[in-house]
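Worth saying up front: this structure is predicted, and the values here are computed from it rather than measured. Chain letters run A, B, ... following the sequence lines, proteins first, then strands; residues in each count from 1.
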Amino acid sequence: MPMELTQSRIQKIWLPNDNHPALPRRSCGPQLANSPTVIVMVGLPARGKTYISKKLTRYLNWIGVPTKVFNVGEYRREAVKHYSSYDFFRPDNEEAMKVRRQCALAALRDVKLYLTEEAGQIAVFDATNTTRERRGMILNFAKENGFKVFFIESVCNDPNVVATNVMEVKLSSPDYRDCNSTDAMEDFMKRINCYQASYQPLDPDDYDRELSLIKVIDVGRRFLVNRVQDHIQSRIVYYLMNIHVQPRTIYLCRHGESEFNLKGKIGGDSGLSNRGKKFAQALNKFVEEQNLKDLKVWTSQLKRTIQTAEALQLPYEQWKALNEIDAGVCEEMTYEEIRDQHPEEFALRDQDKYYYRYPSGESYQDLVQRLEPVIMELERQENVLVICHQAVMRCLLAYFLDKSADEMPYLKCPLHTVLKLTPVAYGCRVESISLNIEAVNTHRERPEEAKKGPNPLMRRNSVTPLASPEPIKKPRINSFEEHVAVSSALPGCVPQEVPTQLPGQNMNNSQKPS
Amino acid sequence: MGIFSARLNQALCGPAWLWRPCSVQGFGLEGPRRPFHPEHSRFSPPRRTGSPSAAARPGPAPPAGPAAPRGAEVERRGRSRSRPRMAAAASPARELTQNPLQKTWEPYDNGLPAGHSAQRGVCMTNCPTLIVMVGLPARGKTYISKKLTRYLNWIGVPTKEFNVGQYRRDLVKKYKSFEFFLPDNEEGLKIRKQCALAALNDVRQYLSEENGHVAVFDATNTTRERRETIYKFGEENGYKTFFVESVCVDPEVIAANIVQVKLGSPDYVDCSNDEATEDFMKRIECYKNSYETLDENLDKDLSYIKIMDVGRSYLVNRVMDHIQSRIVYYLMNIHVTPRSIYLCRHGESELNLKGRIGGDPGLSVRGKEFAKSLAQFINEQNIKDLKVWTSQMKRTIQTAEALGVPYEQWKVLNEIDAGVCEEMTYEEIQENYPLEFALRDQDKYRYRYPKGESYEDLVQRLEPVIMELERQENVLVICHQAVMRCLLAYFLDKPAGCKVESIFLNVEAVNTHRDKPENVGVDRSREEALRTVPNHL
């Protein structure tokens, strides 16, 4: 009987001594999805399928479930270099039908590879899949490989919503690189018509009674959910029911500089320094100037964020889940003290900062789990200012910018700087606004020796998967520079381009054409 | 305290015990037929009426809790926006003072707590919610109402259910037959309408005057007209209305529900089962003609969830806020498949022996014996697809290792974090932190250890575990004393619909249960403080 346990040094997890199959890396929660899942999108073009696919994939990767999108449109663009017109999508264009089918099959082959050999847990199969025949083929494919299938159908009959979606993401697609907007719009509408005649919506009351599915109707006004099979499907449904597409802005910042920041100590529950108080005042001015409708303000339950929020003259809400990472035995120490008193721990943390758990404390991985309800509520809300802490802000930022577990603990979140996040197309525009109050630097770079070599513990990520390189090189259309709004209207606030201010933090947000 | 707290006082959560709350099958138990009082729940957060001796609390002021009940995960503070901005800007920054009990930072204006009067902060809902059940008789409305009420109270949202049938039974003492429910029985209609109004009146009292946050209005509400009346009532009083409809056409499910729940109803005390079933089926018929289900078009502006065939599928329309979103999530995760949940603590640990709390010790010799007995017990039970969950602490993992089956580790199942008191004996806590020790005895649910956690924190942390327990079938949870108390509080909250057996596995262990001492004052003597400490090495 294997009663002897050894504690793993990085994650501080108790493991049996014998050669019991080691616990999986992602064991901070239960391993609830045993067999891989294929999520199959269903819907006419311009119904937000790619938006949902990308957003869901980002969320699942962030909570630690390796997920990747397989967009059949991209395979098609790879196969047929030049798009001429909607004729390609006509149901009577046999040549094109053959190409499209081959693209779907190629994408499914990659799905299989990802789920069976590259340790993927979830593959999102992003295509129209509007016919029962096509869905039947995918179901057979999944059955043969032992994958679970969950369908997500987006139904939208509001012509305004469809038109907006076409404007926002379709016109900038490489398919229409050489057209003017009016021509592109017209062509795309005809493209939609090509699918309309053969479209068979999911029918959970009869034909598709046995399938697991969610129908998202009119951009989240209504949902129909059928036969949720497991934990992960339940969480996907919950997530999809909480996201919305209303324009809004999220502001992330840290508390003002604290007394402990000045002394170089980590953690603790100290109050603001004089400069920290100045920042709180500057933040108040900044918030006033932004002139936002119904801004919600959230803080942690630590004194320094509450003191910062107090200066705002707005109601605010305290979340214990937003408290800074618990450094356990290292709380209230300087990095020098940690290095001297816990040299081994200090080195281990540098080896794998995402998974490293402080003795009697937390890891970034723990933090992500703790912050999941915050992300869910942020998705539900509209304008929110989150006043939080360095490690917490890194985790939140990693969600919005789709950063991998490897990058997350090194994202730059300096004091006295507000990050303004605005959802655009498939991603998030980021502006970094320094409020021009001096503060100490609390960012500790990844040590040189830890930078070498690929980290075996790295988590995959939906944009930069490590185990499976992008099937096709994607054009990156919206570079960050195009998005940096010049906010010279804000006196005292200097907008800065993030790349210069935060070197190594790639703020580019891939806008993937569908 | 309630029934199970009395049991807890007898140390039934002791290390060598195993608890098995068995979900009642089918649509479940209706429980005592009287309005539910959240105060019966030991671990629901205290509210104004049930708050223990607020005056006895030391420190500058009592915590915000009693005046503004709210979800523990979020505290709402700050100044009202209506305050003149210039004046506010000119006023000196408010000082923060740490509440000695909950260790939360609170702003003070001129020595008085500021900013959280009249702020309803439960989980970001500003106005109370009225949940209106819809459906024919025997569709599980009462089961859903009770279960949802229990869940919401447990997560810290004061909730109460109002069962119109109970009002009817109070008014018309003797039930004769289904004829009472015939649509042309004017006398019957009048009485039923009167009952509905009386219940709505109580809803208003609860939500507007007793700091309730959610009221569950449990009646058939099968006509659009009736639902409109209720919706208007909600609008007039500033409540958000959310409809929960249960639609079920499977005759077997309906029959099972009648047998399990309705035959035991006081309406049928003096009849045979066959007579009762027949009468009840006729009663359902009385509603069928006028039944108008929630409609995708006619009711498109209402917020609702329609549950089809006991959770096979759901239609969700216009979810308005955080609490509705959580209700929907919960309803989509519960199921009625028969199953058993087993709760136990790890085997006795080395620190249990020494009377020390927290830490991450291994099992004692007797603890290892318990692990073996547990393995034997589980084998004998011969449970289909049993899932085993542990915390990430050595003692639960060692216990699970003895079972020889796969298990899953949850960090959120870790024992309450005692902060600066970790690994201390109660004597040492009294020695080093006498004030903390007394505060904890005053309000153990909300007391947060310095740099540690409170039971209230623990409940928030355990919410995903409860959600997953609801989704799963047979599960054994190997956890810790405080964690198990929180889980048990969820399953035992009256009227819960859970049968509980407690099984002693015959392995001796130290007692780790410390009763609340008589004197909880901050100036009590050492001896008074330590009077209830269980024996240890």
Going by side-chain hydrogen bond (donor to acceptor under 3.5 Å, both in side chains), Trp105(B) matches just one of Asp269(A), Thr299(A), Thr305(A). Which one?
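Going through Asp269(A), Thr299(A), Thr305(A) one by one, the side-chain hydrogen bond (donor to acceptor under 3.5 Å, both in side chains) with Trp105(B) is satisfied by Asp269(A) alone.
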Heavy atoms of other groups near Asp218(A) CG, more than 12 under 6.0 Å
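Result for CG/Asp218(A): enclosed.
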Please say whether more than 12 non-hydrogen atoms of neighbouring residues, nucleotides or ligands are located less than 6.0 Å from CZ in Arg9(A).
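No, the 6.0 Å shell around CZ holds no more than 12 heavy atoms from other groups.
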How long is the gap from [atom1] on [X] to [atom2] on [Y], to the nearest 0.5 Å?
{"X": "Met376(A)", "Y": "Tyr329(B)", "atom1": "CE", "atom2": "OH", "value": "6.5 Å"}
{"X": "Asp309(B)", "Y": "Arg227(A)", "atom1": "CG", "atom2": "CZ", "value": "9.0 Å"}
{"X": "Ser454(B)", "Y": "Lys320(A)", "atom1": "OG", "atom2": "NZ", "value": "7.0 Å"}

Option in [options] with maximal non-hydrogen atom pairs under 4.5 Å from chain A:
{"options": "Glu296(B), Met308(B), Glu463(B), Glu422(B)", "value": "Glu296(B)"}
{"options": "Ala400(B), Gly311(B), Ser325(B)", "value": "Ser325(B)"}
{"options": "Leu413(B), Asp360(B), Ile305(B)", "value": "Asp360(B)"}
{"options": "Asp417(B), Leu315(B), Asn414(B), Val319(B)", "value": "Leu315(B)"}

Would you find a donor on one side and an acceptor on the other, under 3.5 Å apart, between the side chain of Gln98(B) and the backbone of Lys303(A)?
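No, the answer is negative, given that no donor and acceptor are paired below the 3.5 Å cut-off.
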Polar side-chain atom of Arg221(A) near backbone of Lys300(B) as donor-acceptor pair, under 3.5 Å
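Yes, because the side chain of Arg221(A) sits within donor-acceptor range (under 3.5 Å) of the backbone of Lys300(B).
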Is Glu332(A) salt-bridged to Lys451(B), going by a charged N under 4.0 Å from an acidic O?
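Salt bridge between Glu332(A) and Lys451(B), a charged N being under 4.0 Å from a carboxylate O: yes.
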Looking at every heavy atom in both Trp14(A) and Ile397(B), which two are closest together, and how far apart are they?
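Distance-wise, the nearest heavy atoms are CB-CD1, 3.6 Å.
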Using every non-hydrogen atom in the two residues, find where Met320(B) and Arg380(A) come nearest and quote the distance to one decimal.
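Looking at all heavy atoms of both residues, the closest pair is O-NH1, 4.2 Å.
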Are the side chains of [Y] and [X] in contact, using a 4.5 Å heavy-atom criterion?
{"X": "Arg209(A)", "Y": "Arg312(B)", "value": "yes"}
{"X": "Lys411(B)", "Y": "Glu362(A)", "value": "yes"}
{"X": "Lys394(B)", "Y": "Gln7(A)", "value": "no"}

[X] versus chain B, the contacting section by heavy-atom distance below 4.5 Å:
{"X": "Val237(A)", "result": "side chain"}
{"X": "Leu302(A)", "result": "backbone"}
{"X": "Glu210(A)", "result": "neither"}

Between Asn333(B) and chain A, with a heavy-atom cut-off of 4.5 Å, which part of the residue counts as in contact: side chain, backbone, both or neither?
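Answer is side chain: those atoms of Asn333(B) sit under 4.5 Å from chain A.
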Under 4.5 Å from a heavy atom of chain A, the part of Met393(B) involved
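Just the backbone, heavy atoms under 4.5 Å.
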Under the side chain to side chain contact (heavy atoms under 4.5 Å, CB included) criterion, do Arg370(A) and Val412(B) qualify, and how do the steps go?
CA-CA 9 Å; Arg370(A) 159 145 83 75; Val412(B) 289; over 6 Å; no
